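In the text below, chain A, chain B and the rest are named by the order of the sequence lines, each starting its count at 1. Keep in mind it's a predicted model, so treat the numbers as computed, not measured.
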Amino acid sequence: MTTVRTPAGWPATEEEAGAVQDALRTKVVLDEAGPPPGTGHVTGVDVAYDDERDVVAAAAVVLDAATLDVVAESTAVGRISFPYVPGLLAFREIPTVLAALEALPRTPGLVVCDGYGLAHPRRFGLASHLGVLTGLPVIGVAKNPFTFTYEEPAAPRGSASPLLAGHEEVGRALRTRDAVKPVFVSVGHRVSLDNACAHTLALAPAYRLPETTRRADALCRRALREAVPALTAD
DNA sequence: GCGACAG
DNA sequence: ATCTTGTCGC
């Protein structure tokens, strides 16, 4: 497991963070379809916190896209680099997530993260941010609709409806299990919305959430449990 | 001004 | 995100 410090020049205020988003947003690539589902590698990233001890742990888990077998994984720990502010989630997670991705022994392929990409107040959520910084194709799969609205998709798995900011489609509510609450998919970087949904469905054959985020979630929690006692021993 | 609000 | 036991159902 690698250890990270908050990067020099990291935004300290909400104003600075917002300015960073506005600047980086111009670098998002939205006109690529992205890798086809079921081929190559797909990597899930997730983060767990211990706010009391100011510790954050990130995990990256690489799956074979065809079999969903784990082929590689890595973790990183660091200090919390930003408070949780809706719309500024990326500033809390990105330094540690980047460290985990860089520690992987192989190419991540498509990256799937918790949270949003385009579906964001400034159209630049975690998945967009991570994509611009790494150049990798990235999508966001969130568990909640945030401030956006949607019509309930039909009951069968695979049904979807637009996730709306007013009349603008910023993502999709996608049902991954019959009659179970949908997940909320949005584009991050270098992947189309249709393809992002196809990947999400392929990655969630049995549970509501994609295997990528399930594996990454379990791993970062474990990394946090193991890291806190070590960091707290002095 | 007040409330809601990814993780 | 996180605090947390049992419990209903396939």
Exercise for review: Could you tell me the separation between the CZ atom of A:Arg123 and the C1' atom of B:dA6, rounded to a whole number of Å?
Suggested key: 14 Å
Point to revise | side-chain N/O A:Arg221 vs C:dA1 OP1/OP2, d < 4.0 Å | key: yes
Check your understanding: Is there aromatic stacking of A:Phe184 against B:dA6, centre distance under 5.5 Å, plane angle under 30°?
Key -> no
Check your understanding: Under 4.0 Å between a side-chain N or O of A:Tyr49 and OP1 or OP2 of B:dG7?
Key -> no
Practice item. Determine: side-chain N/O of A:Lys143 to OP1/OP2 of B:dG7, distance under 4.0 Å, yes or no. Key: yes
**Study point:** Interatomic distance where CZ belongs to A:Arg53 and P belongs to C:dT2 [whole Å]
**Key:** 15 Å
**Study point:** Salt-bridge contact A:Arg157-A:Asp178 (side-chain N to carboxylate O under 4.0 Å)
**Key:** no
Practice item. Calculate the interatomic distance between A:Leu224 atom CG and C:dT2 atom P; express it in whole Å. Key: 7 Å
Check your understanding: Taking the side chain of A:Glu93 as its heavy atoms from C-beta onward, which of C:dT2, B:dA6, B:dG7 lies nearest to it?
Key -> B:dG7
**Study point:** Lys/Arg N to Asp/Glu carboxylate O, A:Glu152 vs A:Arg175, below 4.0 Å
**Key:** yes
Check your understanding: Touch check for A:Gly87, heavy atoms < 4.0 angstrom, all strands: base, sugar-phosphate only, or nothing?
Key -> base
Check your understanding: Between the side chains of A:Tyr49 and A:Glu93, is a donor N or O closer than 3.5 angstrom to an acceptor N or O?
Key -> yes
Review point. Between A:Phe148 (CZ) and B:dA4 (C1'), how many Å, whole number?
Key: 13 Å
Exercise for review: Take atom CG of A:Asp51 and atom C1' of C:dT2, then tell me their distance rounded to the nearest Å.
Suggested key: 8 Å
Exercise for review: Provide, to the nearest angstrom, the distance between the NE2 atom belonging to A:His129 and the C1' atom belonging to B:dA6.
Suggested key: 15 Å
Practice item. Look at A:Asp217 together with A:Arg214 and state whether they make a salt bridge at an N to O cut-off of under 4.0 Å. Key: no
Check your understanding: Within the structure shown, what part of the strands sits under 4.0 Å from A:Ile80 by heavy-atom distance: base, sugar-phosphate, or nothing?
Key -> nothing
Review point. When the distance from CG of A:Leu126 to P of B:dG7 is rounded to whole Å, what number comes out?
Key: 10 Å
**Study point:** Integer-rounded Å distance: B:dC5 P and A:Tyr84 OH
**Key:** 10 Å
Review point. Going by an N to O cut-off under 4.0 Å, is there a salt bridge joining A:Arg221 and A:Asp46?
Key: no
Review point. Taking only side-chain nitrogens and oxygens of A:Asn144, does any of them come within less than 4.0 Å of OP1 or OP2 of B:dC5?
Key: no
Exercise for review: Under 4.0 Å between any heavy atoms, over every strand shown, what does A:Ala119 touch: base, sugar-phosphate, or nothing? Just pick one.
Suggested key: nothing
